[in-house]
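Here is the structure we will look at.
Numbering of ligands and ligand atoms starts at 1, following listing order. All values derive from a computational prediction rather than experimental measurement.
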Amino acid sequence: MQKIGWGLIGASTIAHDYVIPAIQVQPHCQAKGVFSRSIDRGKSYAKDNGLPQAYESIDALLADDAVDAVYISTTNEKHKAQTLAAAAAGKHVLCEKPLALSLSDSIEMVAACKQAGVILGTNHHLRNAATHRKLRDLIKKGVIGQVQYARVFHAVFLPPHLQTWRLNNPDAGGGVVLDITVHDADTLRFVLDAEVVEVTAMTAAQGMAGNTLADGVMGVMRFDNGVLAQFHDSFTVANAPTGLEIHGSEGSLFAENVMTQQPVGDIYLQTASGRQHIPIEDPEDLYTHALRCFNSAIRGEGKPFATGDDGVKSLAIALAVRDAAATGQRITVQYQS
Ligand code: NDP
């Protein structure tokens, strides 16, 4: 089987920590090189990550016939132009979240990839977790009856080396909502298999972010099946576990330590008969699962685990949350620009 060649656009932390290892662990794909705005940084990043080369320009990367697909993990304002360039060059695109800074841009990205006949995926890692996949299965099997409520605990501490553009650069799509709430939106859509209709929210500034950006948010999403979901996202909470609770007419699911990049976490089912631990059979690394599915999609088998359309929807919800916080109003989510 011919190996799928990956080109990396962005010498980022996420690529270093998770996505390059997820590419390298798979037998049928290979990382071909990286583009950074600084060729010196690109070269040292390539060396540190075992990549064969650093490209001088995005054009050089996109002109490389050995590159079949690109992984875009630059700051958020660059995702759109880089996706359009990759699509025009006939490369498949796995793009980081949020897909773009506006709904219309994200829709344009999906359309451009479709027109070019290339695959677009969104790197929403959480739905790739065995825990979240198990929650979705359990709900579909009806183990908690009719689902009524969900609660997301996603208040974490942004480590010092990431306390950069996320906190001080609105033009790069910083702030907690586009960074974390966008993941909650995707995870809830996936686990509940339902769509968000409207949202309310309040943001907070607990001292980590600059004046214009929020470093915390709490709010509620209403789904089209009547479920209400509460969410709490933060960059400043250093000592709280993450989690997801789903409450139904016949039982509740408690997923502990699951809003994370690691393949960890526990699920408990509580019903009238008591509380039971739900085993997770294969806690595959989240990013490895995402890359495996994306590679299969390139080979014509299935779709990326989170598609471009999923990225449009999670962005639409996050933008609605931001509007709700800014206006103090309940906001109907707009999925079309
Ligand atoms: P980083 O800040 O690590 O990287 C973003 C850009 O900043 C890089 O492309 C790089 O530019 C530049 N940069 C990074 N480190 C340095 C450095 N030491 N010196 C100089 N420049 C540097 O961002 P993240 O990896 O945290 O996020 C990148 C994207 O991935 C974002 O879109 C984010 O939302 C997303 N993300 C997704 C996650 C997920 O699990 N799905 C988790 C974390 C982030 P250049 O390429 O030009 O060198």
Is there a donor-acceptor contact under 3.5 Å linking the side chains of Q82 and T74?
-> yes
Among protein heavy atoms, which sits nearest to atom 25 (O) of ligand 1, and what does the distance come to when rounded to 0.1 Å?
-> I14 N, 2.9 Å
Other residues, nucleotides, ligands: >12 heavy atoms within 6.0 Å of R275 CZ = yes
Which residue owns the protein heavy atom closest to atom 43 (C) of ligand 1, what's the atom, and how far is it?
-> R166 NH2, 3.5 Å
Please write down residue, atom name and distance for the protein heavy atom closest to atom 32 (O) of ligand 1.
-> N76 OD1, 2.6 Å
Does the gap between the ring centers of H154 and H232 come in under 6.0 Å?
-> no
Could a heavy atom of H79 be found less than 4.0 Å from some atom of ligand 1?
-> yes
Counting N and O atoms only, with roles assigned by atom type, does the side chain of S234 sit under 3.5 Å from a partner on the main chain of G216, one being a donor and the other an acceptor?
-> no
Distance filter under 4.0 Å to G10 heavy atoms, resulting ligand 1 atoms = 9 (O), 46 (O)
Between Y287 and H125, how do the two ring planes meet: parallel, tilted or perpendicular, split at 30° and 60°?
-> parallel
Around atom 3 (O) of ligand 1, find the nearest protein heavy atom and jot down its residue, atom name and distance.
-> T13 OG1, 2.4 Å
Pair E96, Y71: side-chain N/O donor-acceptor within cut-off below 3.5 Å = yes
Please output the side-chain donor-acceptor pairs of residues 3-11 that fall under 3.5 Å, not counting sequence neighbours, one pair per line with the distance.
from, atom 1, to, atom 2, distance (Å)
W6, NE1, N295, OD1, 3.1

Close-contact set for ligand 1 against N123 heavy atoms, below 4.0 Å | 41 (N)
Using heavy atoms and a threshold below 4.0 Å, how should the contact between L162 and ligand 1 be classified: side chain, backbone, both, or neither?
-> side chain
Y71-ligand 1 polar pair, N/O distance under 3.5 Å = no
Could you tell me the separation between the CG atom of L126 and the OG1 atom of T260, rounded to the nearest 0.5 Å?
-> 8.0 Å
Atoms of ligand 1 under 4.0 Å from any heavy atom of S12, numbered from 1 in the order shown, are 3 (O), 4 (O), 25 (O)
Run the ring-centre check on H247 versus F254 and record whether the distance is less than 6.0 Å.
-> yes
Any H16 heavy atom less than 4.0 Å to ligand 1 = no
Is it true that the side chains of Y18 and Q262 contain a donor and an acceptor less than 3.5 Å apart?
-> yes
Among all protein non-hydrogen atoms, which one is nearest to atom 17 (C) of ligand 1, and what is the separation to 0.1 Å?
-> R41 NH1, 3.4 Å
Closest candidate by heavy atom, reference atom 5 (C) of ligand 1, pool T75, L286, I39 = T75
May I ask you to check whether F190 and H132 place their ring centers less than 6.0 Å from one another?
-> no
Nearest non-hydrogen protein atom, atom 48 (O) of ligand 1 = S36 OG, 2.7 Å
Does a donor on one side chain sit under 3.5 Å from an acceptor on the other, for S73 and S12?
-> yes
Assess Y287 for proximity to ligand 1: is some non-hydrogen atom of it under 4.0 Å away?
-> yes
Heavy-atom contacts with Q261 under 4.0 Å: which atoms of ligand 1 show up? List them by number with element.
-> 40 (O), 42 (C)
Which protein heavy atom lies closest to atom 8 (C) of ligand 1, and at what distance to 0.1 Å?
-> A11 O, 3.7 Å
Could you list the atoms of ligand 1 found under 4.0 angstrom from a heavy atom of H183?
-> 39 (C), 41 (N)
Do we see a donor-acceptor contact under 3.5 Å between the side chains of H277 and D266?
-> yes
Answer yes or no for H124: is there a heavy-atom contact with ligand 1 below 4.0 Å?
-> no
Apply the test side-chain hydrogen bond (donor to acceptor under 3.5 Å, both in side chains) to residues D233 and T181: give CA-CA distance (whole Å), side-chain angles for both, the deciding distance (0.1 Å), then the verdict.
-> CA-CA 6 Å; D233 307 326; T181 312; 2.7 Å; yes
Short version for R37: what comes under 4.0 Å of ligand 1, heavy atoms counted, is both
Ligand 1 contacted by S38 (non-hydrogen, < 4.0 Å) | no
For atom 36 (N) of ligand 1, closest protein heavy-atom neighbour | E96 OE1, 3.7 Å
Does at least one non-hydrogen atom of W165 fall below 4.0 angstrom from an atom of ligand 1?
-> yes
